[in-house]
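Letters go in sequence order (proteins before strands), and every chain restarts at 1.
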Number of protein chains: 2
Amino acid sequence: MQTKRIRDILRHGQPDETIIIQGWVRTTRQLKEFTFMEVNDGSSMGNLQVVIDVNIPNYNNVIKTLNTGSSVEVSGILVTSLGKGQRIELKASSVQVYGDANPETYPLQKKRHSFEFLRTIGHLRSRTNTMGAVMRVRNACATAIHNFFQERDFLWVHTPIITASDCEGAGELFTVTNFDLNKIPRNKQQEIDFDKDFFGKRAYLTVSGQLEAEVMAMAFQNVYTFGPTFRAENSNTSRHLAEFWMVEPEMAFCDLQGDQDLAEEFLKYIFKYVLETCPEDMEFFNERIDKSVLETANNIINNEFERITYTEAVKLLEKADKQFEYAVEWGIDLQSEHERYLAEELFKKPLIVTNYPAAIKAFYMRLNEDQKTVAAMDVLAPKIGEIIGGSQREERLDVLERRIAQMGIISDDLWWYLDLRRYGTVPHAGFGLGFERLVQFMTGMGNIRDVIPFPRTPLSAEF
Amino acid sequence: MQTKRIRDILRHGQPDETIIIQGWVRTTRQLKEFTFMEVNDGSSMGNLQVVIDVNIPNYNNVIKTLNTGSSVEVSGILVTSLGKGQRIELKASSVQVYGDANPETYPLQKKRHSFEFLRTIGHLRSRTNTMGAVMRVRNACATAIHNFFQERDFLWVHTPIITASDCEGAGELFTVTNFDLNKIPRNKQQEIDFDKDFFGKRAYLTVSGQLEAEVMAMAFQNVYTFGPTFRAENSNTSRHLAEFWMVEPEMAFCDLQGDQDLAEEFLKYIFKYVLETCPEDMEFFNERIDKSVLETANNIINNEFERITYTEAVKLLEKADKQFEYAVEWGIDLQSEHERYLAEELFKKPLIVTNYPAAIKAFYMRLNEDQKTVAAMDVLAPKIGEIIGGSQREERLDVLERRIAQMGIISDDLWWYLDLRRYGTVPHAGFGLGFERLVQFMTGMGNIRDVIPFPRTPLSAEF
């Protein structure tokens with residue numbers, strides 16, 4: 001007899017098939033001649049209804065241990081369900097309980113739990129409907145990302161997690177050390193002697209793999225990273241994690257135009273893939289979490305993204321019949337309220353804003369001919385704001401060196417990055433996508449801590 | 001005109017196609033009426049020969065900047081090659097040089113470089129034949145891993161990198177901190193006050209995602225991790241990295257038998273995938289790096305793995321007509337020499353050794369009925385030794401608690417892990433594969449630092 005996943009049974013199962021299922025009990029209802037039991041195996045939202053006749057072997061003992069949360073293996077035959085709510089059900093011929101779950105202490109009884117509470121039981125919360133759906137959609141997003149890039153001949157490159165360079169300067173860095181913190185060695189000048197630390201120098205957790213991805217793009221043309229990155233910012237918000245996953249493609253022989261094209265194609269691909277592979281989960285989010293989830297997804301898939309320059313965006317914002325908290329003028333960094341106005345109210349679809357003022361963007365972004373703006377882009381989406389940030393990179397050695405000097409960056413650690421411009425430099429471009437932001441966007445989940453299995457935030461590194 | 005990757009041109013290109021290529025110059029040879037140039041674009045081992053006629057626009061200026069390492073875009077028409085060594089070549093109609101490379105300073109001139117030297121130019125080494133092939137095979141291995149698990153309905157789960165738990169105890173841990181190391185706060189007892197650190201407690205870099213993967217398997221049945229893990233061991237060997245990637249599947253409702261089946265299927269799948277997708281690179285490794293690479297791969301693919309118990313293995317080693325450095329008796333941990341004897345000399349194919357003595361294995365491995373051995377397995381392969389280690393996990397709460405106590409592990413941090421046995425526990429199993437070991441195995445590369453883009457080792461965290 002074949003062990004089947006419940007998702008496949010609910011989608012395709014036919015009466016008279018004999019099968020085995022394995023999973024966890026969600027609910028039971030004991031009648032005189034039967035017990036009804038709903039079983040979930042994590043393959044989808046759906047539970048399979050199992051009908052347990054009093055005449056199956058060992059009925060009384062089995063029933064005693066069938067609580068919410070118990071793990072079971074059921075053999076039986078599929079039959080057309082006469083009850084409401086399901087097409088098909090499993091008539092059990094035998095039920096084995098592997099482990100029960102004491103109803104007095106098992107926290108996931110049949111009632112709604114707040115996401116706050118569920119975070120305190122991070123080791124159990126994936127067994128709930130919502131978190132189960134989140135993790136399946138998260139996996140589908142991740143798979144879509146790999147498929148997208150592999151189909152297009154990009155290499156997945158593993159850029160380092162531990163880095164000795166802090167010149168990206170994207171917020172605060174975690175220190176990685178092998179020192180005994182009770183006796184940190186000091187040199188003659190009484191400074192901390194990092195020569196004696198594991199790597200012989202001060203080391204941090206990476207904030208981005210971009211610079212190393214550029215190295216790899218200069219050998220393989222098209223590459224992408226997909227790995228964890230870190231921020232030691234003390235931000236206790238629903239949008240920040242200390243540890244999160246990032247996707248960073250980097251393309252040689254590519255300009256800002258190509259960068260925008262790829263970003264648009266990329267987002268459309270992921271949304272399409274998830275709608276196709278997780279329809280039950282997406283329906284659930286649309287019904288229970290955020291009624292606009294499916295509309296947003298279809299909006300992404302079916303619309304050409306608007307493309308405007310920063311300068312045009314500022315003009316549109318200045319003309320807007322709307323009072324912003326932060327006043328708009330050329331030179332400011334666009335705030336979330338501005339981005340949302342453009343995407344949600346004005347264009348009502350995703351847009352890409354390009355060519356931002358050089359002064360507010362990173363040193364590696366390519367200086368435009370006007371000498372004031374850089375070839376940067378942000379992809380803004382309704383409801384979420386910025387979802388992707390990218391740029392064409394500065395490939396001209398002299399211009400890059402000048403910008404590094406202007407911005408007061410100590411370039412000693414960047415000798416290798418400059419070498420890329422010294423030897424066989426090419427126009428190149430790339431972007432970054434915060435993976436958890438994407439999953440939030442896809443699912444409508446309000447708090448970023450609820451779209452990653454084990455969130456790391458200030459004062460919290462449980463499990 | 002279409003931009004094409006050189007790998008595809010070499011495989012399928014036909015005379016009279018007009019195309020564009022983009023890449024980096026490997027060599028040039030200037031004759032009176034032509035210049036020959038070999039271009040590589042990172043898509044494969046192979047270079048495309050380009051013939052540049054003196055009559056193309058701007059010939060003299062172009063030629064001046066065509067050095068080894070220069071980046072170029074060439075338009076032209078494919079023609080049958082009359083020269084030796086290639087089927088087809090590109091007759092250039094125009095050549096654009098994006099960036100040149102000064103032959104006086106560019107380190108990658110046409111001569112062989114030692115791998116030691118190449119490590120000092122980690123930002124350029126991927127442009128060499130060997131490192132290019134390694135990174136392509138590495139990407140193919142990674143893709144095969146995702147494909148294998150996704151096809152089998154496993155979820156990719158991202159287990160945390162920063163962890164507050166040190167109970168896995170697999171060697172030394174890196175500390176992650178946000179403290180200013182010059183003024184580490186202390187409490188009244190003058191102990192370091194980790195309450196004041198970012199996570200409110202002492203934090204480390206993970207050594208394994210297994211325990212968290214077990215959490216996820218208890219919700220989704222089949223999951224896998226694929227992410228970075230860390231060891232702060234001061235091992236300056238050709239087999240150790242401080243930062244490396246691990247793959248860890250975990251299956252609910254699975255025993256040691258199923259674990260072995262999956263491990264065997266998994267390795268066969270990866271080797272097959274790489275032979276199919278990177279034939280040129282694998283040929284190269286077989287010719288230039290290790291003449292047994294293809295034989296090893298075929299040995300893995302075509303043989304059923306031998307399966308023996310530890311107790312049988314010890315008997316075979318005791319009977320062996322061979323002097324081992326480490327004496328063999330029941331209870332010892334098998335040494336590399338023993339593993340290699342079994343795989344290379346005795347069975348001449350991969351084998352899986354199961355049921356090791358409890359005393360030498362981790363606390364979470366399932367105790368067998370004999371009360372002396374645990375349901376562990378190691379997959380041993382010719383030439384490489386242990387490539388996979390796994391086990392069925394102890395799912396019985398009382399037995400697990402007893403083992404934790406016996407081994408002197410402080411279980412305060414493990415409350416959630418024990419909860420998995422308290423609520424709906426099931427037999428489950430999994431294994432771990434060191435990703436870089438796999439790539440070494442696949443390519444025959446002698447030093448593990450040469451199969452990861454940016455190796456982290458004692459005193460080295462460059463780039």
Side-chain angles (χ1 to χ4, degrees), chain A residues 5 22 24 41-42 69-71 98-99 101 106 123 126-127 132 135 139 142-143 146 150 153 155-158 160-164 174-178 181-182 184 192 198-200 203 212 215-216 219-221 228 232 243 245 253 416 419 423-426 453-454 456 458-461 463, chain B residues 5 22 24 41-42 69-71 98-99 101 106 123 126-127 132 135 139 142-143 146 150 153 155-158 160-164 174-178 181-182 184 192 198-200 203 212 215-216 219-221 228 232 243 245 253 416 419 423-426 453-454 456 458-461 463:
Chain A
R5 300 302 304 264
Q22 296 169 320
W24 290 268
D41 69 356
S70 295
S71 48
Y98 283 109
Y106 186 54
H123 61 310
S126 285
R127 304 178 184 191
M135 296 308 155
N139 172 69
T143 302
H146 280 303
Q150 293 293 331
D153 218 1
L155 290 198
W156 184 21
V157 296
H158 297 105
I161 309 302
I162 298 170
T163 169
F174 285 107
T175 297
V176 175
T177 178
N178 201 23
L181 296 188
N182 275 306
I184 295 180
I192 295 173
F198 189 91
F199 297 107
E212 289 93 353
V215 164
M216 301 305 275
F220 302 104
Q221 277 201 19
E243 173 181 322
W245 285 63
F253 304 99
W416 54 273
D419 263 8
Y423 305 120
T425 190
V426 295
F454 304 96
R456 266 66 183 121
L459 299 180
S460 173
F463 313 109
Chain B
R5 301 300 306 264
Q22 297 168 320
W24 290 268
D41 69 356
S70 295
S71 48
Y98 283 108
Y106 185 55
H123 62 309
S126 285
R127 304 176 183 191
M135 295 307 156
N139 172 69
T143 302
H146 280 304
Q150 294 291 332
D153 218 1
L155 291 197
W156 185 21
V157 295
H158 298 105
I161 310 301
I162 298 170
T163 170
F174 285 108
T175 297
V176 175
T177 178
N178 202 23
L181 296 187
N182 275 306
I184 294 180
I192 295 174
F198 190 91
F199 296 106
E212 288 92 353
V215 165
M216 302 305 275
F220 303 104
Q221 278 202 17
E243 173 182 321
W245 285 63
F253 303 98
W416 53 274
D419 263 8
Y423 305 121
T425 190
V426 294
F454 303 96
R456 268 64 185 121
L459 299 181
S460 173
F463 314 106

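Highest contact tally toward chain A, considering only B/Ala461, B/Ala219, B/Gly132, is held by B/Ala219 [criterion: heavy-atom pairs under 4.5 Å]. Ranked by heavy-atom pairs shorter than 4.5 Å toward chain A, the options B/Ser126, B/Ala164, B/Pro453 are led by B/Ser126. Of the listed residues (A/Gly69, A/Ser71, A/Gly200, A/Ala142), the one with the most heavy-atom contacts under 4.5 Å to chain B is A/Ser71. Across B/Trp156, B/Trp416, B/Phe198, the residue that shares the most heavy-atom pairs under 4.5 angstrom with chain A is B/Phe198. Note: B/Val426 leads B/Val426, B/Val157, B/Thr163 in heavy-atom pairs under 4.5 Å with chain A.
Across every non-hydrogen atom of A/Asn139 and B/Gln150, the tightest pair is OD1-NE2, 2.7 Å. The heavy-atom pair separating B/Pro228 from A/Pro228 by the smallest distance is CG-CG, 3.8 Å. Contact detail for B/Gly424 and A/Ala101: the closest heavy-atom pair is N-CB, 4.1 Å. Pairing each heavy atom of A/Gln22 with each of B/Gln221, the nearest pair is O-NE2, 2.6 Å. B/Glu243 and A/Ile162 make their closest contact through OE1-N, 2.9 Å (heavy atoms, listed as atom of the first residue, atom of the second, distance). Across A/Ile184 and B/Leu181, no two heavy atoms sit closer than the pair CD1-O, 3.8 Å.
Contacts of A/Ser70 with chain B are made by backbone atoms alone, with heavy-atom separations under 4.5 Å and no side-chain atom involved. For B/Ala203, no part lies under 4.5 angstrom from a heavy atom of chain A. Using a 4.5 Å cut-off between heavy atoms, A/Trp245 touches chain B through its side chain atoms alone. Contacts of B/His146 with chain A are made by side-chain atoms alone, with heavy-atom separations under 4.5 Å and no backbone atom involved. Proximity to chain A (any heavy atom under 4.5 Å) is restricted, for B/Trp24, to the side chain, taken from C-beta onward. Contact annotation for B/Thr177: both backbone and side-chain heavy atoms come within less than 4.5 Å of a heavy atom of chain A. For B/Thr175, the parts sitting under 4.5 Å from any heavy atom of chain A are the backbone and the side chain alike. Looking at B/Glu212, both its backbone and its side chain come within 4.5 Å of chain A, counting heavy atoms on both sides.
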Exercise for review: Take A/Phe199 and B/Phe174 through the ring-ring contact (aromatic ring centres under 6.0 Å, His included) test and state the conclusion after the steps.
Suggested key: CA-CA 11 Å; A/Phe199 297 107; B/Phe174 285 108; 5.5 Å; yes

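Note that CG of A/Asp153 and CZ of B/Arg5 are 5.0 Å apart. Values are rounded to the nearest 0.5 Å.
Taking the side chain as every heavy atom from C-beta outward, A/Met216 and B/Phe454 approach each other to under 4.5 Å. Contact annotation: the side chain of A/Phe463 never approaches that of B/Pro160 to less than 4.5 Å [non-hydrogen atoms, C-beta and beyond].
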